[in-house]
Chemist: 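One structure coming up, written as structure tokens, with questions to follow.
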Amino acid sequence: MSGSDRRRQWKLFSSAVVVTAFAVSCIEQPLEPSVEEAEHFIENAESRLLALWIDAGRAAWVQNNFITTDTNLLAAAANAKVMAATTELAAEASRFNGLILSPDLERKLTLLKTSLAAVAPSESSMQSELAGIMAEMESIYGQGEYCPDGQGECLDLPTMERMFAEVRETDELLAIWSGWREVSPDMRPLYERFVELSNAGARELGFGDTGEMWRSAYDMPADDFTNELERLWSKVRPLYESLHCHVRAELGQEYGTAVVAEDGLIPAHLLGNMWSQTWANVYDIVRPSRSEPRYDLTRLLERQNVDPVDMVRYGETFFSSLGFAPLPSSFWDRSLFVQPEDRNVVCHASAWDIDFKSDVRIKMCIGVNDEDFVTIHHELGHNYYQRAYSGQDPLYRTSANDGFHEGIGDTIALSMTPEYLVEVGLLNRVPTGDNDVALLLRQALEKVAFLPFGLLVDQWRWRVFSGEILPDDYNTAWWELRREYQGIKAPVPRAVNSFDPGAKFHVPGNTPYTRYFLAHILQFQFHRALCEAAGIKGPLHRCSIYGSREAGGRLRAMLEMGASEPWPEALNTIAETREMDATAIVEYFAPLSVWLDEQNAGRRCGWQTQESS
Ligand code: X8Z
Ligand code: ZN
């Protein structure tokens, strides 16, 4: 039965319930709360929360664009109000427990309880304390830098990320890898307290801890969701292990097997990324021999003198080609595209929905390169989603589940095929030849390499929230998971006060991370479904939905639903199935798998998680 069928059926049923309630009140029994009251309650709750979300969003926007003591305080105060209202409303909502409510109302009451990534207990001093800690951790991260000789020239994160893409000297890489991780030990006591307070808040809402609260946002029991992740991971793990095996062998050739052991863990600073989460920057080291990259998107963008705003225009043009309305002028006036030189901003890319209507923006320190070109599309995916669901009730103005929000822009970016680049004038002609392994390998270094990282960040946090990992073990447990899932290791022994999880934006920023793992599965599923809708045949990695109104219409129908239906219904709208399905990503990379197996023949793949350091 679809959600709308269920709603229709409930309408008939609910009038019967109302009559019974009236009859009971006539014989002067104490008045039970009625369904009507519950409806009014939710309506008021939604308008009160909407106003507070908007205020908090504006304060957070200013803080993120201008990090000072005062903006931290203002953002924390606004966030404390949202937390206070949410806990108060969630507690009040328990009055309606036991009432037979419509699926819509039931859904909204659940969404109310899982709408925030952290809630404080209802005592107001704890609310301000938690909000203050959260703003402080975010600001430590946002202002973080590494000063190689302890003074003078300091490097900010965007600069160090660029160095990771280009530098091959292991000593220099090690210095910036370790240097960036000096920002986080100061966060450790804050994080400890954050865990205590947010857990106490989650318990007030009826969850065991904050991790369980996060896992309860997927329209299924929290434990089933854990199993669902395991199911998906088991499908893509062999692909990751093949990629790991090949990359390790090639890095061993480049740096020597004394540095990268043939059957050992890969040192984390050699993978071209500050967190070793994507590996595309080592493409030149691991690429097929005798094969040139068919084109280098960074060079194409530079050759055409494309600037950051032009890059965003390409993204908008793509969405327009699918039938979406152009972005409003306020988007262009109010977004941040370039890192300002005169102040501290949070450079980590983000998309904003300030008024939950049309005031959408992105905030990003754009560099003219292929990685940021993809990230721009990622961010615009958020903005087009936000605009599409703006007609829904406030609690439904979000995605079907958080993996959907993260997967939309990435789905579009999967359509940036050579054919697309020719069509928009970035490339002169579609390269000929049978060199798709090069294309696929490059893509796998982004998408497949990411998968275990996308999982492990919250495996760590869930265990921290549940108390399975205690503060003294924060860092060692982090590296155990890095070894187990990714097969990588810290390049140098970690100091006892290290807090390496804090050197990743989403930990101090308290953004749940499993969403990105889901998005990496879903985007291929969306891509395959939209290619079918567009009537495009052939291998998935050569399909571009650019210009397809059919694909655009299918996508828009799903985006407009927001969170009004359980996510399987939204998935069904686009992909005609209610199951998340890893076969699309496996199919996409199938030709690469064959090639990787050939390369890995005779190599010893896999790793021992127990290896020291
Ligand atoms: O944080 C992001 C986006 C903003 S939602 C830029 N991503 C994750 C990360 O950077 O760690 C996108 C992929 C993973
Ligand atoms: Zn995102």
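Remember, it's 1-based here, ligands and their atoms both numbered in the order they're listed. When a residue number appears, it is its place in the shown sequence, counting from 1.
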Chemist: Which atoms of ligand 1 sit under 4.0 Å from any heavy atom of Q277?
Modeler: 9 (C), 10 (O), 11 (O)
Chemist: Are Y396 and Y389, when compared by the centres of their aromatic rings, separated by less than 6.0 Å?
Modeler: no
Chemist: If we only count N/O pairs under 3.5 Å, is H348 in contact with ligand 1?
Modeler: yes
Chemist: Give yes if a backbone or side-chain nitrogen or oxygen of E406 is under 3.5 Å from a nitrogen or oxygen of ligand 1, and no if not.
Modeler: no
Chemist: Is the closest heavy-atom distance from F505 to ligand 1 below 4.0 Å?
Modeler: no
Chemist: In the structure I gave you, are the side-chain heavy atoms of W177 and F164 within less than 4.5 Å of one another anywhere?
Modeler: yes
Chemist: Let me check your reading of the structure: within less than 2.8 Å of the Zn ion (ligand 2), is there an N/O/S atom from E406?
Modeler: yes
Chemist: Decide whether the shortest distance between a heavy atom of S350 and an atom of ligand 1 is less than 4.0 Å.
Modeler: no
Chemist: Of all the atoms in ligand 1, which lie at a distance below 4.0 Å from a heavy atom belonging to K504?
Modeler: 9 (C), 10 (O), 11 (O)
Chemist: Given NE2 of H378 on one side and NE2 of H382 on the other, what angle do they make at the Zn ion (ligand 2), to 10°?
Modeler: 100°
Chemist: Please tell me if the side chains of C543 and H527 come closer than 4.5 Å, counting only heavy atoms from C-beta onward.
Modeler: yes
Chemist: Taking only heavy atoms of H378 into account, list the atoms of ligand 1 that are under 4.0 Å away from them.
Modeler: 3 (C), 4 (C), 5 (S), 12 (C)
Chemist: Would you say ligand 1 has an N or O under 3.5 Å from any N or O of H506?
Modeler: yes
Chemist: Centroid separation under 6.0 Å, is that true for the rings of F589 and F524?
Modeler: yes
Chemist: Is the shortest distance from a Lys or Arg side-chain nitrogen in R313 or E316 to a carboxylate oxygen in the other one below 4.0 Å?
Modeler: yes
Chemist: Can you check whether H506 and Y516 have ring centres sitting under 6.0 Å from each other?
Modeler: yes
Chemist: Among W214, W460, W275, F453, which residue satisfies the ring pair (Phe, Tyr, Trp, His ring centres under 6.0 Å) criterion with Y513?
Modeler: F453
Chemist: Give the atom numbers and elements of ligand 1 that come within less than 4.0 Å of a heavy atom of E379.
Modeler: 3 (C), 4 (C), 6 (C)
Chemist: Under 6.0 Å between ring centres, would you say that holds for W352 and F331?
Modeler: no
Chemist: Write down the atom of Q392, the atom of R397, and the distance for their closest heavy-atom approach.
Modeler: O-NE, 2.7 Å
Chemist: Before signing off on this row, confirm whether H382 and ligand 1 have an N or O atom pair separated by under 3.5 Å.
Modeler: no
Chemist: Among Y513, Y516, F517, which residue places a heavy atom closest to atom 11 (O) of ligand 1?
Modeler: Y513
